[in-house]
Amino acid sequence: MSYKQTKKGLKMSEVRVRIAPSPSGNLHVGTARTALFNYLFAKKAGGKFVLRVEDTDLERSNEAYIKNIFDSLKAMGLNWDEGPDIGGPFGPYTQSEKFETYKKYAQKLIDEGYAYECYCTQEELEEEKQTAINEKKAYIYSGKCRELTESQKTKYKREGRKPVIRFKMPSKIMKFKDLIKGELEFNTALMGDFVIMKSNGTPTYNFAVVIDDMQMQMSHIIRGEDHISNTPKQIAIYEALGAKIPEFAHVGMILAPDRTKLSKRHGATAVSDFIEQGYLPEAFVNFVALLGWTPSDGVEIKSLEEIIKDFSIEAISPSNSIFEFDKLNWMNGQYIRSLPNEELTKRALKYIEKYDLTEYTKEKIEEIIAAVKEPITVLSEITDAVEYFFGEDVECNVEALDILNASEAKTILSKALNLANQFDYNNHEQIIEKLGEFRKSFEGIKPKTVMWTLRSALTGRLKGADLSSIISILGKEKVLHRIKKALGE
RNA sequence: GCCCCCAUCGUCUAGAGGCCUAGGACACCACCCUUUCACGGUGGUGACGGGGAUUCGAAUUCCCCUGGGGGUACCA
């Protein structure tokens, strides 16, 4: 046994899985979930989670997307053990860096009679397809280039035709056991000889995946069910190569509420979009895990670590699931509320930077965030929730204006002016107490009205944080100023 | 058209022949708590797509239909 083999030799039992995004867009929710399941499966088994970039379609791939994909995965906490950036024993992990390898294997398949050059033009192929449609039959490539003679090939070459390489699909009933879907069966005669190398010398997806998964010694392929129909093709290539066939597991798709594919028109589809809007990555991961997987103990809010412990691939549902925001929002709120104020403030900072933060100390800013966090479901809502704390004056909405224009408002506010001088602004308890006395101190005016009036004067709205907290944070100067302003002074 | 996958409350799902008068979570409704909005608590509305078959017994097994999804590329 050579050194190289020893180094690369693996224990039969080692679990190796991968996520193989193609950088033709930002990390999609569906891909993110597939990545999550792969990650969970690997970590649960003490195996390896590898990242591979599938950029064989150079036209559609771009650097910015690669960065977005890496960043999103990291934000979700799905750190890979091997990948383009950190390397590993089976690199390169970027397909565009392996074009020679694919060529080599394609040639091997030709030499051994499993593949052949095909010189058919697009027009010829189109014609075959049209005929099939007219005859209401399924289109299958005729295979007419299978037995091309050398002289025919040279003739085509001289015409300037660049061949593709097609795989000779054997005709048989192919069965395999899917870890999620169960026993699956296909008639490969219906598939025809498919292209493995394009005329520009780059591999097609179905070929590149097999070569990579084989070389990277993947033990399990966990992916979306949109790949089910590719599986027989891939297995056929494994067989032709004499390679070990990995186990397959196909997860249902994530659909939009209208039951169509989740796309831009449904709003956010990229993980980064969600994070941008103020969904906490850990909440997002938790939610996405619940799309198709159920915790064994019924406890739905779980950290990544806890999910790993409880994860099993058998528990994944075989059906599609619809991405609804309700539960995500609820869950995000749960996570926001459970975050320590300091941490929450740090994360909320980018949503409040439009205000003059120098009006307050760092501690006060934390108090503000703590005061408004309760009803928040998405971080971006903080921008509005916090508005009335900043600036001297406050802008009143219609409801607040109505309250302030009511006949009893003047009475209440005049007295409130007095009250404002009695507050000990650093003593929250004292404020609560004084406020309690104050709201009951009016003959014929409901406590509720008293509070609403004061709230309207101070915040310009009827809804918001706890009034005593607001008063404490605002401080004497602003409180007095705003009450006076409301009185028209 | 052809091939494949899927099918329990609005949504995510529990359920692997009797434990199911189908359980939980979100959403929704009501009540309680409360200075507002909320948070929290309690309770409620709400589903096995249809038809056959197997069985003493079916949400659970089988078949058909229907519905939804995916694939059918020199995209991945």
Side-chain angles (χ1 to χ4, degrees), chain A residues 20-25 54-57 59-61 95 118 120 122 125 129 132-133 135-140 162-166 178 180-182 184-187 190-192 194-206 208-209 224-232 250 252-253 255 257 259-261 287 290-296 298-301 315 317-331 333-334 337 372-377 385 399 403 432 435-436 438-440 446-452 454-456 459 461-468:
Chain A
S22 84
S24 53
E54 304 209 330
D55 58 347
T56 54
D57 185 357
E59 304 281 297
R60 297 201 305 161
S61 301
Q95 291 188 330
C118 165
C120 291
Q122 298 285 24
L125 262 18
K129 249 176 242 181
I133 291 170
E135 292 173 7
K136 294 201 165 188
K137 279 199 285 200
Y139 167 68
I140 301 166
K162 290 237 187 285
V164 299
I165 298 175
R166 284 183 187 271
D178 188 285
I180 293 171
K181 304 277 188 186
L184 261 29
E185 199 181 293
F186 299 85
N187 181 0
L190 266 22
M191 299 177 193
F194 58 94
V195 175
I196 57 174
M197 291 293 279
K198 306 176 203 172
S199 55
N200 66 4
T202 63
T204 60
Y205 161 77
N206 275 118
V209 242
E225 73 170 36
D226 48 339
H227 286 293
I228 287 184
S229 52
N230 286 323
T231 310
H250 290 94
M253 307 267 85
L255 270 26
R259 287 172 197 280
T260 62
K261 216 154 118 188
F287 172 73
L290 260 25
L291 252 33
W293 173 79
T294 317
S296 63
V299 179
E300 296 191 320
I301 295 202
S317 152
S319 42
N320 293 343
S321 39
I322 294 169
F323 193 103
E324 289 273 16
F325 278 81
D326 283 338
K327 194 157 183 173
L328 206 214
N329 288 338
W330 166 78
M331 189 166 274
Q334 293 287 321
R337 262 165 263 131
V372 303
K373 76 173 175 183
E374 214 159 67
I376 297 295
T377 130
E399 295 95 22
I403 296 280
I432 292 174
L435 225 37
F438 182 70
R439 73 167 179 271
K440 283 179 247 165
K446 277 187 270 181
K448 201 169 170 175
T449 311
V450 176
M451 297 305 274
W452 278 32
L454 189 51
R455 175 178 290 278
S456 298
T459 71
R461 39 176 108 174
L462 264 37
K463 299 171 186 173
D466 167 70
L467 238 199
S468 58

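Reminder, nothing fancy here: chain letters follow the sequence lines and each chain counts from 1.
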Identify whether any heavy atom of A:Leu462 sits under 4.0 Å from a base atom; if not, whether one sits that close to sugar-phosphate; answer base, sugar-phosphate or nothing. base
Give the rounded distance in Å between these two atoms: CD of A:Glu59 and P of B:C74. 16 Å
Mind checking A:Phe186 for me? I need base, sugar-phosphate or nothing, with any heavy atom below 4.0 Å counting as a touch. sugar-phosphate
Is the phosphate of B:G40, meaning OP1 or OP2, less than 4.0 Å from a side-chain N or O of A:Gln334? yes
Mind checking A:Ala208 for me? I need base, sugar-phosphate or nothing, with any heavy atom below 4.0 Å counting as a touch. nothing
By the 4.0 Å heavy-atom rule, please label A:Glu54 as base, sugar-phosphate, or nothing. sugar-phosphate
Would you say A:Lys198 reaches B:A76's phosphate, i.e. side-chain N/O to OP1/OP2 under 4.0 Å? yes
Measuring only the C1' atom in each nucleotide, how far is B:C48 from B:A16? A whole number of Å is fine. 15 Å
Could you tell me whether A:Arg60 contacts a base, only the sugar-phosphate backbone, or nothing, with contacts defined as non-hydrogen atoms closer than 4.0 Å? base
Look at the side chain of A:Thr204 and the base of B:C74, then say whether one donor and one acceptor between them are separated by less than 3.5 Å. no
Rounded to whole angstrom units, what separation is found between the CG atom of A:Asp226 and the P atom of B:G70? 9 Å
My understanding is that a pair needs two contacts under 3.5 Å, Watson-Crick or G-U wobble. By that rule, which nucleotide pairs with B:C31? B:G41
Integer-rounded Å distance: B:G68 P and A:Asn320 CG: 13 Å
Phosphate oxygens OP1/OP2 of B:U35: is one of them under 4.0 Å from a side-chain N or O of A:Arg439? yes
Residue that, paired with A:Leu454, satisfies side chain to side chain contact (heavy atoms under 4.5 Å, CB included) out of A:Thr459, A:Leu435, A:Thr449, A:Ile403: A:Leu435
Centroid-centroid distance, A:Phe325 to A:Phe287, less than 6.0 Å: no
Return the nucleotide paired to B:A25: Watson-Crick means purine N1 to pyrimidine N3 with N6-O4 or O6-N4, wobble means G-U with N1-O2 and O6-N3, both under 3.5 Å. B:U11
Can you find a pair of side-chain heavy atoms, one from A:Phe186 and one from A:Ile228, that are under 4.5 Å apart? yes
Distance check: side-chain N/O of A:Arg259 vs OP1/OP2 of B:U11, anything under 4.0 Å? yes
Would you say B:U13 has OP1 or OP2 under 4.0 Å from some side-chain N or O of A:Ser321? yes
Heavy-atom closest pair (A:Ile322 atom, A:Leu291 atom, distance to 0.1 Å) is O-CD1, 4.4 Å
When you measure from the side-chain N and O atoms of A:Thr56 to the phosphate of B:A76, is any distance below 4.0 Å, counting only OP1 and OP2? yes
Which is true for A:Asn329 with a 4.0 Å heavy-atom rule: it touches a base, it touches only sugar-phosphate, or it touches nothing? nothing
Could you tell me how far B:G51 sits from B:U66 if I compare only their C1' atoms? Round to whole Å. 10 Å
Measure the distance from CH2 on A:Trp330 to C1' on B:A25 and round it to the nearest whole Å. 6 Å
Integer-rounded Å distance: B:G68 P and A:Glu225 CD: 16 Å
Could you check whether A:Val195 gets within reach of a base, just the sugar-phosphate, or nothing at all, counting any heavy atom under 4.0 Å? sugar-phosphate
Can you check the A:Ile180 CD1 to B:U13 P distance for me, whole Å? 12 Å
Just to be sure I understand the rule, does A:Ser24 reach a base, reach only the sugar-phosphate, or reach nothing, if contact means heavy atoms closer than 4.0 Å? nothing
Once you round it to whole Å, what is the distance between C1' of B:C75 and NZ of A:Lys261? 10 Å
Smallest heavy-atom separation, A:Pro203 atom then A:Met197 atom, equals CA-SD, 3.5 Å
